[in-house]
There are 2 protein chains.
Amino acid sequence: MREPMTTAGAGEPPPEQGEPRPGTAAWWLARETEPARQRRRRSLTLEGILDASMALLDSRGVAALTMRNVAEALGCTQASLYRHVRNREELVTLLVDRAVSVASSPPPDGADWAGKAAWSARLFRDHLRRHPGVASLLRGTERLGPNSLTGVEYALGLFIGAGLSPRLASAAASSLATFVIGSVNFNLGLDSRDPEERHHRRRLYRSRDAAAFPLLVQHAETLADVTSDDEFEVGLNALLTGFRALIENAEATRD
Amino acid sequence: MREPMTTAGAGEPPPEQGEPRPGTAAWWLARETEPARQRRRRSLTLEGILDASMALLDSRGVAALTMRNVAEALGCTQASLYRHVRNREELVTLLVDRAVSVASSPPPDGADWAGKAAWSARLFRDHLRRHPGVASLLRGTERLGPNSLTGVEYALGLFIGAGLSPRLASAAASSLATFVIGSVNFNLGLDSRDPEERHHRRRLYRSRDAAAFPLLVQHAETLADVTSDDEFEVGLNALLTGFRALIENAEATRD
DNA sequence: ACCTGAACACCGTTCAAGT
DNA sequence: ACCTGAACACCGTTCAAGT
């Protein structure tokens with residue numbers, strides 16, 4: 001009898017035995033000190049696997065990101081992939097960390113910290129919207145990966161430079177990232193920028209019981225027209241305004 | 001030859017043909033005007049399917065939420081489930097809308113709108129943390145479901161009452177929900193409240209190249225100790241502070 | 001030492017055949 | 001009219017056997 005397969009998902013008791021779970025700090029650490037088997041010239045390489053996976057993800061979506069399809073794209077067998085990644089979860093964790101590195105465009109030079117943060121957030125959002133497969137795979141397990149850490153270092157510099165303590169700067173940076181990623185994911189392929197979806201939302205709101213849902217009924221037209229762009233901009237500006245208040249507060253109590 | 005199966009995921013071109021996708025406004029609308037086949041007394045009912053699914057999700061996690069397991073729990077065949085839901089995606093959409101209805105506890109009476117919003121956000125977060133399987137299934141496709149709409153109506157009332165326009169109130173409500181859900185999902189089973197994870201993060205940060213990651217190295221200890229609670233509270237307060245500024249702004253320009 | 005073929009134990013979904 | 005058994009076309013993962 002074999003061990004039953006477990007596609008480690010959220011909500012079940014952690015595996016607990018054996019090697020650390022992909023995405024944990026221990027796992028990211030262990031990856032670096034591994035024997036560098038990459039050295040020997042190989043036809044099949046982790047880089048190549050990630051390249052093929054990314055191409056698959058972008059062209060055919062997350063459902064097409066299977067070990068079989070990756071192997072086929074590379075002209076090897078599925079089993080060969082398992083010499084480079086322990087399982088699919090590892091592949092995904094490595095992939096999303098890599099995919100998260102946004103084309104580093106020149107930062108807006110004249111802007112203050114808030115302007116830079118807003119600019120980076122919008123850049124990140126646009127990047128994710130161009131790669132919806134990547135967005136849907138982000139789980140937070142990539143936050144300790146090399147590319148993500150570069151982003152963290154940058155954001156820390158921004159917020160510490162603005163006057164926040166390292167602890168608050170870290171919390172601010174990750175709550176901003178959480179918001180950006182969440183707002184993309186929550187509107188994937190279901191945006192009221194689509195006129196037909198807008199039309200149906202109007203009907204849906206308008207047809208509610210007016211006693212139980214007075215506001216939905218009354219403002220059906222307005223509400224149906226609120227797009228994911230509106231949500232994003234309102235949330236982004238609110239967060240930055242809140243951070244600004246936090247900074248002013250820190251300065252006030254320091255004096 | 002059969003149609004190849006498609007597990008409609010993010011990132012691929014939408015199916016486009018046939019019935020509306022689960023979660024769209026059109027789909028939620030269509031569900032209501034369906035012939036009420038539920039009337040006739042049945043052994044197998046949608047309610048029952050959702051009950052069994054929820055029990056499965058809570059007890060064994062998201063990976064165990066399969067059509068086979070649901071059928072087994074109910075003592076029927078998989079095929080029977082398909083009389084009540086068109087596919088698994090539908091089941092999930094209905095399930096998460098239902099699971100999102102938080103035990104309505106008495107609202108804090110003395111509090112202002114911000115206090116109430118904060119209280120509701122924390123209640124929602126705690127609810128999701130107790131049901132991580134539910135949290136991991138939230139995709140935004142439940143936002144038009146009956147239970148979610150109740151929450152939307154409530155939040156709209158709160159923010160409109162505070163002085164926001166319906167449009168801004170809607171954007172504020174959904175960006176707050178996005179943040180709460182995102183912050184839970186991003187820390188599922190990977191929280192630095194775990195002392196061992198904290199220990200490894202310290203090591204990870206400390207071992208970075210100090211030239212490329214000066215802040216991570218310098219503040220390794222502090223950063224490793226930032227928990228998901230810290231992130232959540234900082235983000236929540238920032239959002240509410242930002243909303244307050246938005247309200248004051250609206251009042252100022254009205255005068 | 002490395003890679004493969006072939007299998008195992010699962011999935012979601014469909015549909016002819018039963019009652 | 002309703003439900004089922006059995007299949008189809010997929011999954012991720014493992015491992016004995018090859019080279």
Side-chain angles (χ1 to χ4, degrees), chain A residues 1-9 12 15 17-19 21-22 35-46 48-49 53 56-57 60-95 137, chain B residues 1-9 12 15 17-19 21-22 35-46 48-49 53 56-57 60-95 137:
Chain A
M1 187 74 121
R2 280 157 196 260
E3 274 289 285
M5 143 182 102
T6 39
T7 313
E12 59 244 272
Q17 28 79 15
E19 319 226 351
R21 259 214 299 144
R37 357 176 231 203
Q38 295 301 84
R39 286 298 157 66
R40 245 172 286 187
R41 203 148 271 315
R42 289 167 159 283
S43 47
L44 188 59
T45 172
L46 180 58
I49 292 174
S53 302
L56 216 40
L57 193 59
R60 295 170 49 199
V62 71
L65 185 62
T66 69
M67 303 304 271
R68 274 169 174 79
N69 285 344
V70 173
E72 190 187 16
L74 291 165
C76 69
T77 60
Q78 307 167 57
S80 304
L81 301 175
Y82 287 86
R83 320 209 116 256
H84 300 83
V85 291
R86 210 198 324 150
N87 51 34
R88 185 176 180 276
E89 196 191 350
E90 257 195 23
L91 192 159
V92 167
T93 303
L94 293 169
L95 179 64
L137 288 174
Chain B
M1 186 74 120
R2 280 157 195 258
E3 274 288 285
M5 142 182 102
T6 39
T7 313
E12 58 244 271
Q17 28 79 17
E19 319 226 352
R21 259 214 299 145
R37 357 176 231 203
Q38 296 301 84
R39 286 299 158 65
R40 246 171 287 188
R41 204 147 272 315
R42 288 167 160 283
S43 46
L44 189 59
T45 172
L46 180 58
I49 292 174
S53 303
L56 216 41
L57 193 58
R60 296 170 50 199
V62 71
L65 185 62
T66 70
M67 303 303 270
R68 275 170 174 79
N69 285 344
V70 174
E72 190 187 18
L74 290 165
C76 68
T77 60
Q78 306 168 56
S80 304
L81 300 175
Y82 288 87
R83 318 210 115 255
H84 300 84
V85 292
R86 210 197 326 149
N87 50 35
R88 186 176 180 276
E89 196 191 351
E90 256 195 23
L91 192 158
V92 167
T93 303
L94 293 170
L95 179 64
L137 287 174

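Just so you know, these numbers use all the heavy atoms, side chains as well, and skip hydrogens, waters and symmetry mates.
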Separation of D/dT13 atom C1' from A/E89 atom CD, nearest Å, is 14 Å

Atom CD of B/E90 and atom P of C/dG12 are separated, to the nearest Å, by 15 Å

Picking from D/dT4, D/dG12, C/dG5, the nucleotide nearest the side-chain atoms of B/C76 would be D/dT4

* To do: Kindly say if A/T66 contacts the phosphate of D/dC11, meaning a side-chain N or O under 4.0 Å from OP1 or OP2.
  => yes

Ranking B/Q78 and A/A79 by the position along DNA chain C of their nearest nucleotide, the one closer to 5' is A/A79

Closest heavy-atom pair, B/V62 versus B/L57, reported as atoms and distance to 0.1 Å, is CA-CD1, 3.6 Å

Side-chain donor/acceptor pairs under 3.5 Å, residues 63-77 of chain A, sequence neighbours excluded:
| from | atom 1 | to | atom 2 | distance (Å) |
| --- | --- | --- | --- | --- |
| A/T66 | OG1 | A/N69 | N | 3.0 |
| A/T66 | OG1 | A/N69 | ND2 | 3.4 |
| A/R68 | NH1 | A/Q78 | OE1 | 3.2 |
| A/N69 | ND2 | A/A64 | O | 2.8 |
| A/T77 | OG1 | A/S80 | OG | 3.0 |

Here the distance between atom P of D/dC8 and atom CE of B/M67, to the nearest Å, is 21 Å

Can you tell me if B/H84 uses its side chain to pair, donor with acceptor, with the backbone of B/L44 under 3.5 Å? yes

Between CD of A/E72 and C1' of C/dT4 the distance, given in whole Å, is 16 Å

Contacts of A/R86 and A/N69 projected onto DNA chain D by closest heavy atom; the upstream (5') one is A/N69

Value for OG (B/S53) from CG (B/L137), rounded to nearest 0.5 Å, stands at 10.5 Å

Taken to the nearest whole Å, CG/B/L91 to C1'/C/dG12 is 12 Å

Measuring to OP1 and OP2 of D/dT4, would you say a side-chain N or O of B/S80 lies under 4.0 angstrom away?
yes

Atom CG of A/N87 and atom P of D/dT14 are separated, to the nearest Å, by 8 Å

Taken to the nearest 0.5 Å, the spacing of B/T45 OG1 from B/R83 CZ works out to 13.5 Å

Its dot-bracket string being built from Watson-Crick and G-U pairs below 3.5 Å, with | for another strand and [ ] for crossing, DNA chain C has the pattern ||.|||||...|||||.||

Interatomic distance, CG@B/L46 vs CD@B/E90, rounded to 0.5 Å, equals 9.0 Å

Between NE2 of A/H84 and P of D/dT13 the distance, given in whole Å, is 16 Å

| request: Could you tell me whether the side chain of A/N87 reaches within less than 4.5 Å of the side chain of A/P22, counting heavy atoms only? | output: yes

With the side chain defined as heavy atoms from C-beta on, B/R68 is closest, among C/dG12, D/dT13, D/dC3, to C/dG12

Here the distance between atom C1' of C/dT14 and atom CZ of B/R88, to the nearest Å, is 18 Å

